[in-house]
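Working notes, beginning with the structure itself.
Quick caveat: nothing in here was measured; it's all calculated off a predicted structure. Numbered from 1 within each chain, the chains take letters A, B, ... in sequence-line order.
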Number of protein chains: 2
Amino acid sequence: MTLDLEEHVAEAPKMGRKRDHTRDAEILEATIDVLAETGYDGMTIDMVAARAKAGKATVYRRWASKGEMVIDAIACMKQSDVDFSNLPDTGTLRGDLIAMIKPPTIEDAERKLQVMGGLVSMLARSPELAEAARLAIVEPRASVNRFLIQRAIDRGEISPDCDIDTIVLVGPSMAAHRVLLLRKPVDREFLISVIDGVVLPALGIRA
Amino acid sequence: MTLDLEEHVAEAPKMGRKRDHTRDAEILEATIDVLAETGYDGMTIDMVAARAKAGKATVYRRWASKGEMVIDAIACMKQSDVDFSNLPDTGTLRGDLIAMIKPPTIEDAERKLQVMGGLVSMLARSPELAEAARLAIVEPRASVNRFLIQRAIDRGEISPDCDIDTIVLVGPSMAAHRVLLLRKPVDREFLISVIDGVVLPALGIRA
DNA sequence: CATATCCGATACTCGCTAGTTCCGAATCGC
DNA sequence: GCGATTCGGAACTAGCGAGTATCGGATATG
């Protein structure tokens, strides 16, 4: 009870939080945090309110139920997506894929997978949530892979005959499996094994 | 106390149920069923008891808590493993992998994945459960793949330089991803895509 | 300062579920 | 058949969490 007062150092010049954040967004971020740590079923509104330094009533003034709040939180995760104009362009597919392995990117990915893990049991009960989660978590990663592979095809690095739709899911699937089922970290070594041991060979690039 | 007298014979040809099943096993099977359908958090002892046509008290006479019952149920799933002497041996790796795609096998796999999905949120809270689930669900499938690939190496069909440990997880990972995150069926078409589009190419076998 | 508004906190209600207890009935060992 | 045991069912307790209502205080405005 009365858990962490971990960081209300951080001054907080009166009521202000970040200007560009509405109170709603702060609560949704707290929702994502709790979701990643305890999962949907283990999450309580009180936990979210406490983490956002808000009252439970404040939460219910904005969303009608726990379920709606979570769907909103997932949907707003999508905004933190990578933008395609900032992707690496090293000249080789391997270079691009390796360049994707950098702290902010993989930590963000691991966090998203933790959230997804907390939602799994709910996906069957709420198709709406399932779709929101797919759009926010699964699709972005696959899209990046598809883009990088397509560019490699365009420059003639790999054959256009490969099964792109299946291959773009190799990385995301194995990362999800490792985090959610094996509960091991998705570290650089693992990702390089997937790239060099599966993805590139499958595309006809021998190590 | 509450020591299991796990196998007081079998018998009981009375009106009973399956002959070769003790009451414990029946309850554990019901547990697995409910787990697959509603997940750990959604599962109630009453659901399990009702499905096993038992009283709640009967359940608590055998296990001290819901958690212990589930761990027992998962552990006993392991017994339905494939035995290696019954694996296909068609002469080619592709033939073997395709031969694994048959109704009883893939339905069993899909069911195991549903159970795993219902456990995901609990794995973080119970390392004991996580280990039981890994042994019962993840490991058997990887072992079969490892065996088939090793045999292909031994007969000279594929190079011994491939990253076996990573490749054996491609199928299980992508199947889990599809069932749990995408909520699509693991059908024959999908599995063939994985085999022909990823696994075999990654092993140097061009389609 | 006065007023209207929104916030955080607290204290409820209500339903649900883990776990317990009890009892009549069915079953087993003999 | 006849006790001893176990079973299924149901009633009960206790605690937790969603959702609601209320209230004192802080903010904004003029």
Side-chain angles (χ1 to χ4, degrees), chain A residues 1-5 8 12-17 19 21-27 30-31 34-35 37-73 118 121-122 125-126 129, chain B residues 1-17 19 21-28 30-31 34-35 37-73 118 121-122 125-126 129:
Chain A
M1 42 258 49
T2 69
L3 289 179
D4 51 322
L5 343 183
H8 24 104
K14 222 28 317 156
M15 61 28 161
R17 275 340 228 131
R19 291 290 124 263
H21 277 50
T22 69
R23 202 83 188 83
D24 294 77
E26 288 175 349
I27 294 173
T31 303
V34 177
L35 224 35
E37 285 164 23
T38 68
Y40 184 93
D41 296 293
M43 177 180 98
T44 70
I45 300 294
D46 282 318
M47 286 184 200
V48 174
R51 162 116 26 175
K53 299 195 204 355
K56 190 155 56 156
T58 302
V59 172
Y60 279 102
R61 265 175 220 121
R62 286 146 208 264
W63 294 278
S65 70
K66 175 178 172 180
E68 290 184 23
M69 180 182 69
V70 168
I71 287 178
D72 241 36
S121 63
M122 273 302 291
R125 282 173 261 170
S126 169
L129 178 60
Chain B
M1 29 218 61
T2 69
L3 277 192
D4 45 332
L5 348 179
E6 27 193 323
E7 43 168 343
H8 11 113
V9 204
E11 255 17 75
K14 203 43 281 184
M15 56 42 156
R17 343 198 123 292
R19 307 288 123 266
H21 279 47
T22 69
R23 203 80 189 86
D24 293 78
E26 289 175 348
I27 294 173
L28 292 181
T31 304
V34 177
L35 223 35
E37 285 165 23
T38 68
Y40 183 92
D41 296 292
M43 177 181 99
T44 70
I45 300 292
D46 280 319
M47 286 184 199
V48 174
R51 162 115 28 173
K53 297 199 209 346
K56 191 153 57 155
T58 304
V59 172
Y60 279 103
R61 265 175 220 121
R62 286 146 208 263
W63 296 277
S65 70
K66 176 179 173 180
E68 288 183 24
M69 181 182 69
V70 169
I71 287 177
D72 240 37
S121 64
M122 274 302 290
R125 281 174 263 171
S126 169
L129 178 60

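- Atom CH2 in B:Trp63 sits about 14 Å away from atom P in C:dG19, given to the nearest Å.
- The shortest distance between side-chain heavy atoms of B:Trp63 and B:Asp24 falls below 4.5 Å.
- The CG-P distance, from B:Asp24 to D:dT6, rounds to 13 Å in whole Å.
- Annotation: side chain to side chain donor-acceptor pair (under 3.5 Å) contacts of B:Ser121 (sequence neighbours excluded): B:Asp41.
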Query raised in the report: What one-letter contact string describes nucleotides 15-20 of chain D from 5' to 3', where B marks a base within less than 4.0 Å of any protein heavy atom, S marks contact via sugar-phosphate atoms alone, and - marks no contact?
Result: --SSBB

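- One atom, CD of B:Glu26, and another, P of D:dC7, lie 11 Å apart when rounded to the nearest Å.
- Between B:Thr31 and the options B:Met43, B:Lys66, B:Met47, a side-chain contact (heavy atoms from CB on, under 4.5 Å) holds for only B:Met43.
- Close to D:dC7, at under 4.0 Å from its OP1 or OP2, lies no side-chain N or O of B:Thr58.
- Regarding B:Arg62, its CZ atom lies at a distance of 16 Å from the P atom of D:dT5, rounded to whole Å.
- Inter-axis angle, ends of the helix from C:dC1-D:dG30 to C:dC30-D:dG1, five pairs per end, rounded to 10 degrees: 30°.
- A 4.5 Å side-chain heavy-atom check between B:Ile71 and B:Ser126 finds at least one atom pair inside the cut-off.
- By the side chain to side chain donor-acceptor pair (under 3.5 Å) test, A:Arg125 is found to be paired with no residue, residues two or more places apart in sequence or in another chain being considered.
- In this model, the phosphate group of C:dT27 is not approached by any side-chain N or O of B:Arg23 to a distance below 4.0 Å at OP1 or OP2.
- Under the 3.5 Å distance criterion, the side-chain polar atoms of A:Thr58 are left unmatched by any main-chain donor or acceptor of A:Ala54.
- The salt bridge (charged side-chain N to carboxylate O under 4.0 Å, His left out) test applied to B:Glu37 returns B:Arg51, not counting sequence neighbours.
- A search for salt bridge (charged side-chain N to carboxylate O under 4.0 Å, His left out) contacts involving A:Lys56 returns A:Asp46, not counting sequence neighbours.
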